[in-house]
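To start, the structure under review is shown below, and the notes come after it.
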Number of protein chains: 2
Amino acid sequence: MITIKDIAEMANVSRSTVSRVLNDSGYVSEDARKRVESVVKETGYAPSEYAKSLRTKKTKVIGVILPTIQTETPSRIVTGLGRELSKHGYQILLANTDHDKEKELEYLDLLKVRQVDGIVLIATNADAKLMKKIKEINIPIVVIGQEAEDVIHVTYDDYRAVRELTRLFIQKGHEKIAFIGVDESDRAVGYYRKKGFLDEMAAQGLSVEKTWVQKAIFDIASGHEAMGEILKYANKPTATIAVTDRLAIGAMSYLKEQGLEIPTDMAIAGIGASEMSQYMEPPLTTVDYQNEKAGEEGAKQILASIESRPFQEKLVMDYRLIIRGSV
Amino acid sequence: MITIKDIAEMANVSRSTVSRVLNDSGYVSEDARKRVESVVKETGYAPSEYAKSLRTKKTKVIGVILPTIQTETPSRIVTGLGRELSKHGYQILLANTDHDKEKELEYLDLLKVRQVDGIVLIATNADAKLMKKIKEINIPIVVIGQEAEDVIHVTYDDYRAVRELTRLFIQKGHEKIAFIGVDESDRAVGYYRKKGFLDEMAAQGLSVEKTWVQKAIFDIASGHEAMGEILKYANKPTATIAVTDRLAIGAMSYLKEQGLEIPTDMAIAGIGASEMSQYMEPPLTTVDYQNEKAGEEGAKQILASIESRPFQEKLVMDYRLIIRGSV
DNA sequence: GAACAATGTGGAATCGATTCCACAATTTGA
DNA sequence: TCAAATTGTGGAATCGATTCCACATTGTTC
């Protein structure tokens, strides 16, 4: 494998001169520069990132920690991240926790040891333990999808989106509206989406039965189960907001099993603009977050931070309602 | 940041001795070993991968090249890969080509420069250009989902799976069976799945109208369009095999638009066991490939190759039919 | 008892790049 | 014309690890 030593010999200069040409730093005569560039081109020489990194302490690698790559939100964000990072010569080192929260902390340590230039956390819960570890490792960090104090973060306007969804139902004449959420330890999906729902209902003078508000987990089966719980009682709602498309799809499958018509007997909406949402029967009303763009923006901010340029600590992505046959 | 020099000073030994302890190589007295281990533990010291790599020429990083991370097959394979690789202290460097074939070759070069220990290609077409480049870069490589001569590859039995699917339709009384495929440059999805279909039909003495065999691309919309083409002619089939779930789902949406009943008017099946397939109406019959396991197996073989242990050049993953309401 | 082997250790060389220092030649300005 | 600044260059030091060599001590075998 060719090294800078070989290039220097071929171009009749020293390694310092080759380095000056490659990095466009310091004085180099035009003659010497041309000779070096010619040799580099004809040999296809590229310097070792490892040797460079040892000296410059930069790796051009960003670590990305996520609970799964198999769902749309994380995979879209990673796509956006990768698109922007590769424009600047950076690569993604993937750290998949497989939903194991402890692994998140382990990966932060591992990525520090691997000297990544920055770390992006996707679909995390920014709890005290995580925030403490983030402060400790002292690497530029971006959190995507969750608020994080004193850390660059890109979020979606969960609160406003759900308020608007709720308003949509009310405008369509619904007064009894149910809600399928997740644990509020997930501030974005669990807390703010619920708060948006409850605040809009209160603002419209509409009450919410305790039995209409269910807590699920992030899978289709638990949406199914939650709808079952909602419909167990006499005072039944006529519409349901689920905090993810998966939960909505699970709920829909329960309704169909019970012979109930969507949206005639129950209107329903989700969040996430999953591909599946489009092909449900009827097609599911949903909120489209700009996940790929969130990834791109996250990449821009972390690069600005790494390269000591001004950055925005907080970005809130826009969203749009996709109104379909389920409402 | 702590280095081996600091550890040596704290433990009252030389850097060589610390290195011997960390790598369990060469003679070290019990006394010295205990002191070093104690200091390493209390400081949380971990050696720089970059410095190690400079000397050992190993990086403990595997490059993964894929056209998209947003679909189920690649994301499941990556999940399986990551699970196995992380057991052995390896990390994944993600290289997403965004369906740009030229980028695949660029990424091979980039990953060589980054001195990854191995490269995994997912959802590629092993054409002559790619195979030439693979020979040239001389890094352990695994191809997943496609056959590749002289390269470790993990495949699915596309041919046999589609023969079995075709037989299933015939056993249910269908004689007029349509096929929605993709370009045959994709040997696995385009060629072998089609060949399985045609061979089984011929073996059963059943003819296939030219208009019943359509070529689509890998998206739902083109499955919709393909079904439109199939139904344009008088002699209509009563069943359709699509080479991916997405194409099947697109076809289904066309049928519904035309007011046709699935499976009464047209039975339909896809391949890929997508999550969506389960929630279609009726639920889609599909072939489940073991994508995560393919990733795990691919990881095992590439690690065996990297570590100069015996490996299998060709693995064929098993599959299972998931028979649902669409047939 | 001597020669050979095993044990244990420290320090230099090495990996491949960048960076800084020293030196020489040339140019500029007073 | 001379001093200072600029231009151009090569080589050593450095980054943080591993590895090998040289040396000293201890143990074993003939």
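Each chain gets a letter, A, B and so on, in the order the sequences are listed, and its residues count up from 1.
Checking side-chain atoms of B:R20 against main-chain N and O of B:V28 turns up no donor-acceptor pair under 3.5 Å. Side chain of B:N96 to main chain of A:T79: no donor-acceptor pair is present (N/O by atom type, distance under 3.5 Å, no hydrogens or angles).
Dashed line: the shortest gap from a side-chain N or O of A:K57 to OP1 or OP2 of D:dG16 is under 4.0 Å. In this structure, B:S29 does not reach the C:dT7 phosphate: none of its side-chain N or O atoms is under 4.0 Å from OP1 or OP2. Proximity of A:T17 to the phosphate of D:dG10: a side-chain N or O atom is located under 4.0 Å from OP1 or OP2. Put simply, B:S25 has no side-chain N or O that comes within less than 4.0 Å of OP1 or OP2 on D:dT19. Taking 4.0 angstrom as the limit, B:Y45 places a side-chain polar atom (N or O) nearer than this to OP1 or OP2 of D:dA17.
You'll find that the side chain of B:S14 is closest to C:dG10, out of C:dA17, D:dG11, C:dG10. Each of C:dT18, D:dG16, D:dA17 was ranked by its minimum atom distance to the side chain of B:L54; first place goes to D:dG16. Each of C:dT18, C:dA17, D:dG10 was ranked by its minimum atom distance to the side chain of A:T56; first place goes to C:dT18. For A:Y27, the listed nucleotide lying nearest its side chain is D:dG8; candidates were C:dG16, D:dA17, D:dG8. The nucleotide whose nearest atom lies closest to any side-chain atom of B:A51 is, among C:dG10, D:dG16, C:dT18, D:dG16. Here the nucleotide nearest the side chain of A:V13, chosen from C:dA17, D:dG10, D:dT18, is D:dG10. Side-chain atoms of B:R20 lie closest to C:dT9 of the nucleotides D:dG11, C:dT9, C:dA17. Comparing C:dT19, D:dG10, D:dG16 by their nearest atom to the side chain of A:S19 picks out C:dT19.
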B:T124/B:K101 under side-chain contact (heavy atoms from CB on, under 4.5 Å): CA gap, chis, key distance, verdict: CA-CA 9 Å; B:T124 186; B:K101 189 60 171 162; 3.6 Å; yes
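Per the geometry, NZ belonging to A:K58 stands 16 Å off C1' belonging to C:dA17, to the nearest Å. For the pair B:Y50 OH and C:dG16 P, the interatomic distance rounds to 17 Å; values are reported in whole Å. Spacing between atom CD1 of A:I7 and atom P of C:dA17 amounts to 9 Å, rounded to whole angstrom units. In this entry the distance linking CZ of A:R114 with C1' of D:dA17 reads 15 Å, nearest Å. Rounded to whole angstrom, the span from the NZ atom of B:K52 across to the C1' atom of D:dG16 amounts to 11 Å. Atom-to-atom, CG of B:N23 to P of D:dT19 comes out at 6 Å; the value is rounded to the nearest Å. Atom CG of B:D31 is separated from atom P of C:dT9 by 8 Å (rounded to the nearest Å). Per the geometry, NZ belonging to B:K5 stands 14 Å off C1' belonging to D:dA13, to the nearest Å.
Taking CD from A:E307 and NZ from A:K58, the interatomic distance works out to 7.0 Å, rounded to the nearest 0.5 Å. Once rounded to the nearest 0.5 Å, the distance linking CD of B:E42 with CD of B:E37 reads 12.5 Å.
Here the closest heavy-atom approach between residue A:G89 and residue B:R114 is recorded as O-NH2, 3.6 Å.
Below the 3.5 angstrom threshold, one finds no donor paired with an acceptor across the side chain of A:R55 and the base of C:dT19.
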